[in-house]
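One structure below.
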2 protein chains.
Amino acid sequence: MDLSERKLRILQAIVGDFIRSAEPIGSRTLSKKYDMGISPATIRNEMSDLEEMGFLTHPHTSAGRVPSDKAYRLYVNNLMKQYELPEEEKKIIAEKLTKNVTELEKTIQHAASLLSELTNLTSFAITPNQEVNQLKYINFLPVDERTVVLMIVTESGKVSNTAIKLSNPYSEEHLSLLSKVMTYNYKGKTLSDILTLDIIKNFESDIESMGKLMETIRPNFINTLENMLNVELFMDGLTNIFSIPEYNDIEKAKVFLEMIHQKKHFTDVLINRDNGMIITIGNENKEDYMRDCSLITATYHINGKLVGKLGVIGPTRMKYDEVTSIIQYITDNISQTFKLTGGDKEDE
Amino acid sequence: MDLSERKLRILQAIVGDFIRSAEPIGSRTLSKKYDMGISPATIRNEMSDLEEMGFLTHPHTSAGRVPSDKAYRLYVNNLMKQYELPEEEKKIIAEKLTKNVTELEKTIQHAASLLSELTNLTSFAITPNQEVNQLKYINFLPVDERTVVLMIVTESGKVSNTAIKLSNPYSEEHLSLLSKVMTYNYKGKTLSDILTLDIIKNFESDIESMGKLMETIRPNFINTLENMLNVELFMDGLTNIFSIPEYNDIEKAKVFLEMIHQKKHFTDVLINRDNGMIITIGNENKEDYMRDCSLITATYHINGKLVGKLGVIGPTRMKYDEVTSIIQYITDNISQTFKLTGGDKEDE
DNA sequence: TGTTAGCACTCGATACAAGTGAGTGCTAAT
DNA sequence: ATTAGCACTCACTTGTATCGAGTGCTAACA
């Protein structure tokens with residue numbers, strides 16, 4: 001069944017009003033406030049139809065109407081107007097994200113905090129999944145007689161290191177040889193390949209004379225690689241939910257915060273979402289504890305290859321137009337910033 | 001005015017009961033529950049005295065008595081019995097904190113999460129202040145033609161690095177020379193000395209021929225040092241406050257969470273506390289937004305030198321005996337773990 | 001003189017009844 | 001097809017009565 005022009009207009013007014021006020025809206029108020037040239041009675045009839053179609057609900061008989069998830073979906077897909085960010089906000093975003101970009105992690109963290117500030121919602125961001133990141137360089141460095149530092153550098157410019165305590169002294173030649181052999185063996189392979197394809201197990205036989213040294217180093221090497229693969233989650237604006245009427249209930253707020261604080265689980269949810277700007281509204285979310293939240297995520301790109309995500313989570317009643325615009329602008333900025341400087345593609 | 005033996009016994013019973021139940025307790029209930037051989041009326045008289053002395057308060061005329069901050073202080077100082085941790089918990093703590101100690105940060109984070117788990121409170125931990133940490137080693141490592149990695153190693157075994165993009169290619173000899181000169185200059189100096197005593201500014205003149213290289217490197221070097229000095233704050237059990245009756249009020253919970261989330265500010269508060277086991281109760285806290293919380297902190301030691309802190313924050317009504325024991329046991333364990341393995345003192 | 005029983009009083013909490021008002025759904029007139 | 005009119009619904013507010021845990025005071029007691 002198709003929606004008439006007038007029904008759409010009414011629905012748009014209801015959704016728009018409810019997003020702002022969080023109060024159920026009645027026919028009389030709607031007609032007065034939005035001056036749509038029809039009487040409350042007519043609006044009531046239309047509302048009744050819309051309710052039957054599943055776009056509106058009724059907290060109780062004598063209350064106004066409230067949009068359903070389905071209504072939000074329609075609003076997001078068809079009714080919502082393009083929201084243009086104020087120049088001022090654009091400037092703030094650009095400034096914060098392009099200045100002082102020493103570390104990707106720091107920038108992503110800034111992006112999350114910026115996002116929560118601008119939207120007044122709870123924001124999050126994850127660092128790129130490093131699985132396709134290729135190893136470039138392995139180096140063992142002497143520190144003192146029984147300590148070496150293992151340094152791993154990837155094609156995208158990520159650097160990671162660990163100090164390793166050895167039970168016996170080592171020789172510098174061995175160490176330097178080891179750096180060369182391992183670099184030779186693993187250069188160009190992706191981090192996950194190195195870990196999963198059992199390549200690591202074989203490298204012992206390559207340099208038989210150093211069995212003992214290898215034994216200590218291997219678990220550290222694996223550990224470091226695993227750490228590099230770990231996706232990091234940043235969040236901000238956690239207390240923003242308290243200013244949202246929907247979460248004035250202590251029990252609801254608790255559930256929300258507990259859900260958010262299960263970082264591992266939440267990271268998984270984010271990783272498994274499709275790329276691009278994805279909006280899931282209320283019961284569209286697979287996870288049932290999120291069925292009265294909306295989740296918006298978008299992707300940013302590092303070097304055109306690695307993909308990270310960021311977004312917001314909040315009540316289904318949120319300013320979708322504003323929020324999506326802000327997220328889009330932020331991800332665009334990050335991708336732009338890390339287009340060239342993130343890796344070794346500077347000369348291309 | 002001195003407190004009679006009997007007054008102390010009554011006070012102890014009230015504090016103990018209130019810590020468990022969070023309900024004001026009346027004379028009749030107290031006499032029945034604790035079987036102290038005196039009638040409710042007598043207890044009432046004693047209570048009245050205790051109230052006059054400032055140890056008890058009265059939410060309203062017809063309610064039971066509630067301990068004041070002063071009462072908690074007396075309880076903590078004199079009445080509280082030594083609480084012995086169950087062997088089981090000791091085992092859990094020892095296991096978690098001594099296994100897999102690759103990084104100090106990770107261990108401290110584990111300690112915080114353990115602490116909140118065992119106390120059901122909000123826990124926190126900060127990494128040691130690195131100001132007295134001495135520099136041991138500086139190394140510049142070639143990555144590709146325009147990228148080098150700066151690696152800084154301290155006496156306590158902390159390793160930090162940054163990738164630096166250069167605008168011009170560099171020569172490997174220069175790099176290696178730079179490593180040697182800088183190590184020679186800064187070895188044994190504390191990190192804060194290197195930063196604050198303007199030593200950095202002078203090092204340009206040391207190696208005149210490499211002015212250009214230095215120009216790019218210096219800000220990165222300073223930046224890295226500053227990062228190393230930064231104290232990191234970990235927190236856990238944030239949602240635990242929701243199970244505490246005192247914070248069933250949404251407004252209170254909000255204030256609490258917002259206070260906690262101002263990481264910078266909260267870190268400063270922690271840093272400025274004295275060493276050792278410090279308990280501040282309610283209005284003993286200088287920060288007025290913490291005047292109905294109790295804060296307990298204790299210190300752990302790395303290598304006998306560097307000092308970090310951890311503790312809990314919660315309502316003044318908390319199980320001080322249990323909590324302090326747990327914190328003590330955890331800090332002892334950390335200090336033990338990092339007594340020898342944290343630095344190069346292995347052979348002493 | 002310290003302790004205790006008795007009793008009037010306080011006050012938050014709970015329950016219930018009546019009144020209010022925003023909003024609906026239906027019907028009949030336009 | 002639209003609208004005015006009207007009875008009805010129901011959350012919310014206000015007012016009143018009741019309950020009970022607990023206090024403070026007084027007088028009696030050991």
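Chain letters run A, B, ... following the sequence lines, proteins first and then strands; every chain starts at 1.
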Applying side chain to side chain donor-acceptor pair (under 3.5 Å), name anything that partners [X], two or more places apart in sequence or on another chain.
{"X": "Y83(A)", "answer": "none"}
{"X": "N283(B)", "answer": "D69(B)"}
{"X": "Y320(A)", "answer": "S294(A)"}

Can you list, pair by pair, the side-chain donor-acceptor contacts under 3.5 Å of residues 40-47 of chain B, counting residues two or more places apart and other chains?
unit_1	atom_1	unit_2	atom_2	d
T42(B)	OG1	S39(B)	OG	3.2
R44(B)	NH1	S27(B)	OG	3.1
E46(B)	OE1	K7(B)	NZ	2.8
E46(B)	OE2	R6(B)	NE	2.7
E46(B)	OE2	R6(B)	NH2	2.9

Discussion item. Heavy atoms within less than 4.0 Å of DNA chain C: which residues of residues 18-29 of chain A have one? Give them sorted by number.
Written reply: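 Close to the strand are G26(A), S27(A), T29(A).
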
Worksheet entry | Residues in ring pair (Phe, Tyr, Trp, His ring centres under 6.0 Å) contact with F55(B), at least two apart in sequence or another chain |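 If we apply the ring pair (Phe, Tyr, Trp, His ring centres under 6.0 Å) test to F55(B), skipping adjacent residues, there are no hits.
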
Distance-only check: which donor-acceptor pairs under 3.5 Å involve side-chain atoms of residues 248-264 of chain B, not counting sequence neighbours?
unit_1	atom_1	unit_2	atom_2	d
D249(B)	OD1	E251(B)	N	3.3
H261(B)	ND1	L257(B)	O	2.8

How many Å lie between [atom1] on [X] and [atom2] on [N], as a whole number?
{"X": "M47(A)", "N": "dT24(C)", "atom1": "CE", "atom2": "C1'", "value": "10 Å"}
{"X": "I43(B)", "N": "dT3(C)", "atom1": "CD1", "atom2": "P", "value": "12 Å"}
{"X": "D49(B)", "N": "dG24(D)", "atom1": "CG", "atom2": "P", "value": "11 Å"}
{"X": "M36(B)", "N": "dT4(C)", "atom1": "CE", "atom2": "C1'", "value": "17 Å"}
{"X": "K32(B)", "N": "dT4(C)", "atom1": "NZ", "atom2": "P", "value": "17 Å"}
{"X": "E52(B)", "N": "dG24(D)", "atom1": "CD", "atom2": "C1'", "value": "13 Å"}

Item to complete: Could you run through nucleotides 1-15 of chain D and give me one letter per nucleotide, 5' to 3': B if any protein heavy atom sits under 4.0 Å from the base, S if only the sugar-phosphate is that close, - if neither?
Response: -SBBB---BBS----

Worksheet item: Among all residues two or more places apart in sequence or in another chain, which pass the salt bridge (charged side-chain N to carboxylate O under 4.0 Å, His left out) test with E23(B)?
Response: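 Residues passing salt bridge (charged side-chain N to carboxylate O under 4.0 Å, His left out) with E23(B): none at all.
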
Discussion item. Please check this pair: side chain of D17(B) against backbone of L30(B), looking for a donor-acceptor N/O pair closer than 3.5 Å.
Written reply: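 Such a contact is absent between D17(B) side chain and L30(B) backbone.
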
